[in-house]
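Taking it in order: structure first as structure tokens, then the write-up.
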Amino acid sequence: REKFDAQLTALSDISRTVTTSFELNHISAETGEFPVRYKAFKMHGTSNLLFVGNDLTPIADIQKKFVDSQLELEREYTKYRSYETRYKVLVDFTTDSIVLVNGLTGSIMDASPAGHQIFHLKKGKLNGQQLEKFFNWNGSGKIVEALKSDALANVTRVLSIRNHKEPLKVRIKSEVFRAENDLCLILKM
């Protein structure tokens with residue numbers, strides 16, 4: 001009503017013959033509330049007004065779908081952040097030396113604080129580095145392939161750490177898993 005009254009007031013100005021576009025919501029017993037975009041005109045030589053409207057229901061439906069999908073996306077993002085937080089707390093809380101490796105590239109994806117300590121590195125410094133860089137490896141093929149085979153055979157491998165102050169051998173138990181399209185290795189040392 002306020003919008004409608006404002007448009008009537010605008011047209012009461014002698015110099016105005018047309019209003020700018022404005023939207024009004026209508027209520028129908030059949031369809032409920034629906035929006036209409038209007039433009040109002042003064043009829044030349046009379047005190048009559050002509051309102052020409054365009055039903056915006058299809059646009060409103062699209063906007064509603066967009067808002068609903070945006071809200072769903074926000075819920076999914078919040079859920080994802082919750083999983084990520086739990087994962088980080090779990091990794092940081094464990095006292096085990098754990099290293100998470102990309103099973104295809106051999107790149108270290110993450111490690112627990114104890115996993116970093118084995119290599120005398122600060123938290124986060126292992127991420128993105130190649131696993132082979134940290135071990136003396138004389139086997140055939142890549143170390144990541146050997147560790148995948150160990151996981152499938154359920155065996156533990158002993159390797160010595162490269163460039164360590166004192167000779168240090170570690171026992172590595174590996175497990176293979178898939179996360180989305182990534183093949184991953186989790187190494188417990």
Side-chain angles (χ1 to χ4, degrees), residues 25 31-35 56-189:
N25 289 331
T31 60
E33 192 171 323
F34 64 96
L56 297 178
T57 302
I59 294 170
D61 290 344
I62 291 170
Q63 287 174 332
K64 183 181 181 326
K65 287 177 184 174
F66 175 74
V67 168
D68 290 347
S69 65
Q70 189 70 25
L71 291 173
E72 181 61 28
L73 188 63
E74 288 292 327
R75 283 189 291 273
E76 287 298 317
Y77 180 72
T78 300
K79 192 169 145 184
Y80 164 77
R81 294 291 296 165
S82 174
Y83 286 133
E84 184 180 28
T85 299
R86 285 183 275 193
Y87 161 78
K88 283 295 188 190
V89 168
L90 185 63
V91 167
D92 288 348
F93 183 75
T94 185
T95 56
D96 292 334
S97 299
I98 295 188
V99 176
L100 187 64
V101 179
N102 182 309
L104 299 175
T105 66
S107 174
I108 297 173
M109 299 162 66
D110 204 354
S112 68
H116 281 85
Q117 285 177 346
I118 281 184
F119 301 106
H120 296 290
L121 292 172
K122 292 181 181 175
K123 185 179 173 189
K125 295 294 183 183
L126 282 174
N127 299 4
Q129 300 206 44
Q130 290 296 310
L131 183 67
E132 289 187 10
K133 170 181 172 182
F134 296 99
F135 292 99
N136 292 320
W137 175 246
N138 299 326
S140 62
K142 294 194 171 217
I143 191 171
V144 72
E145 295 302 322
L147 291 169
K148 283 194 276 190
S149 295
D150 292 349
L152 295 174
N154 198 24
V155 296
T156 301
R157 181 176 296 269
V158 176
L159 292 172
S160 62
I161 294 178
R162 180 180 289 166
N163 298 330
H164 209 275
K165 293 175 185 169
E166 66 271 353
L168 179 66
K169 291 190 178 214
V170 293
R171 183 170 279 122
I172 302 173
K173 175 73 175 146
S174 57
E175 192 66 43
V176 177
F177 66 95
R178 283 205 174 273
E180 291 295 317
N181 293 328
D182 293 334
L183 180 67
C184 301
L185 277 171
I186 189 164
L187 308 177
K188 183 177 179 185
M189 295 182 257

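Throughout, numbering of the chain's residues begins at 1 and tracks the sequence. None of these values were measured; they are calculated from a predicted model.
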Legend entry - Aromatic ring proximity F135/F119, centre distance under 6.0 Å: yes
Inset, instruction - Could you tell me whether the side chain of S112 and the main chain of D96 form a donor-acceptor pair under 3.5 Å? - result: yes
Legend entry - Derivation and outcome, side-chain contact (heavy atoms from CB on, under 4.5 Å), residues L147 and V101: CA-CA 10 Å; L147 291 169; V101 179; over 6 Å; no
Inset, instruction - State whether a side-chain donor-acceptor pair under 3.5 Å links R86 with S82. - result: yes
Inset, instruction - To the nearest 0.5 Å, tell me how far L121 CG sits from L126 CG. - result: 5.0 Å
Inset, instruction - Report the distance from atom CG of N25 to atom CD of E33, rounding to the nearest 0.5 Å. - result: 4.5 Å
Inset, instruction - Could you check if a side-chain atom of F134 sits within less than 4.5 angstrom of a side-chain atom of V170, using non-hydrogen atoms only? - result: no
Legend entry - Side-chain donor-acceptor pair present, S107, N102, cut-off under 3.5 Å: no
Inset, instruction - Can you measure from CD (E72) to NZ (K65) and round to the nearest 0.5 angstrom? - result: 15.5 Å
Inset, instruction - Apply the test side-chain contact (heavy atoms from CB on, under 4.5 Å) to residues L71 and R75: give CA-CA distance (whole Å), side-chain angles for both, the deciding distance (0.1 Å), then the verdict. - result: CA-CA 6 Å; L71 291 173; R75 283 189 291 273; 3.8 Å; yes
Legend entry - Nearest heavy atoms of N136 and L159, plus distance in Å: O-CD2, 4.2 Å
Legend entry - Non-hydrogen atoms of G103 and K148 that approach each other most closely: O-NZ, 2.8 Å
Legend entry - Separation of E175 CD from D150 CG (nearest 0.5 Å): 11.5 Å
Inset, instruction - Using a 4.5 Å cut-off on heavy atoms from C-beta on, say whether the side chain of N127 contacts that of D110. - result: yes
Legend entry - By side chain to side chain donor-acceptor pair (under 3.5 Å) - contacts of D61 (at least two apart): none
Legend entry - Validation row: L131, W137 side chains within 4.5 angstrom (heavy atoms): no
Legend entry - Residues that E132 engages under side chain to side chain contact (heavy atoms under 4.5 Å, CB included), provided they are two or more places apart: K142, I143
Legend entry - side-chain contact (heavy atoms from CB on, under 4.5 Å) assessment of N154 paired with K173: CA-CA 8 Å; N154 198 24; K173 175 73 175 146; 2.3 Å; yes
Inset, instruction - Check L100 against C184 and note the closest heavy-atom contact, atom names and distance. - result: CD1-CB, 4.4 Å
Legend entry - Counterpart residues, side chain to side chain donor-acceptor pair (under 3.5 Å), relative to Q70 (two or more places apart): none
Legend entry - Minimum heavy-atom distance between M189 and I172, given as atom pair plus value: CG-CG1, 3.8 Å
Inset, instruction - Determine the minimum heavy-atom distance between V91 and A111, stating which atoms define it. - result: CG1-O, 3.8 Å
Inset, instruction - Spell out, as yes or no, whether a donor-acceptor pair under 3.5 Å connects the side chain of T94 to the backbone of L90. - result: no
Inset, instruction - Over all heavy atoms of both residues, which pair between H116 and K125 is shortest? Give the atoms and the distance, please. - result: NE2-N, 3.4 Å
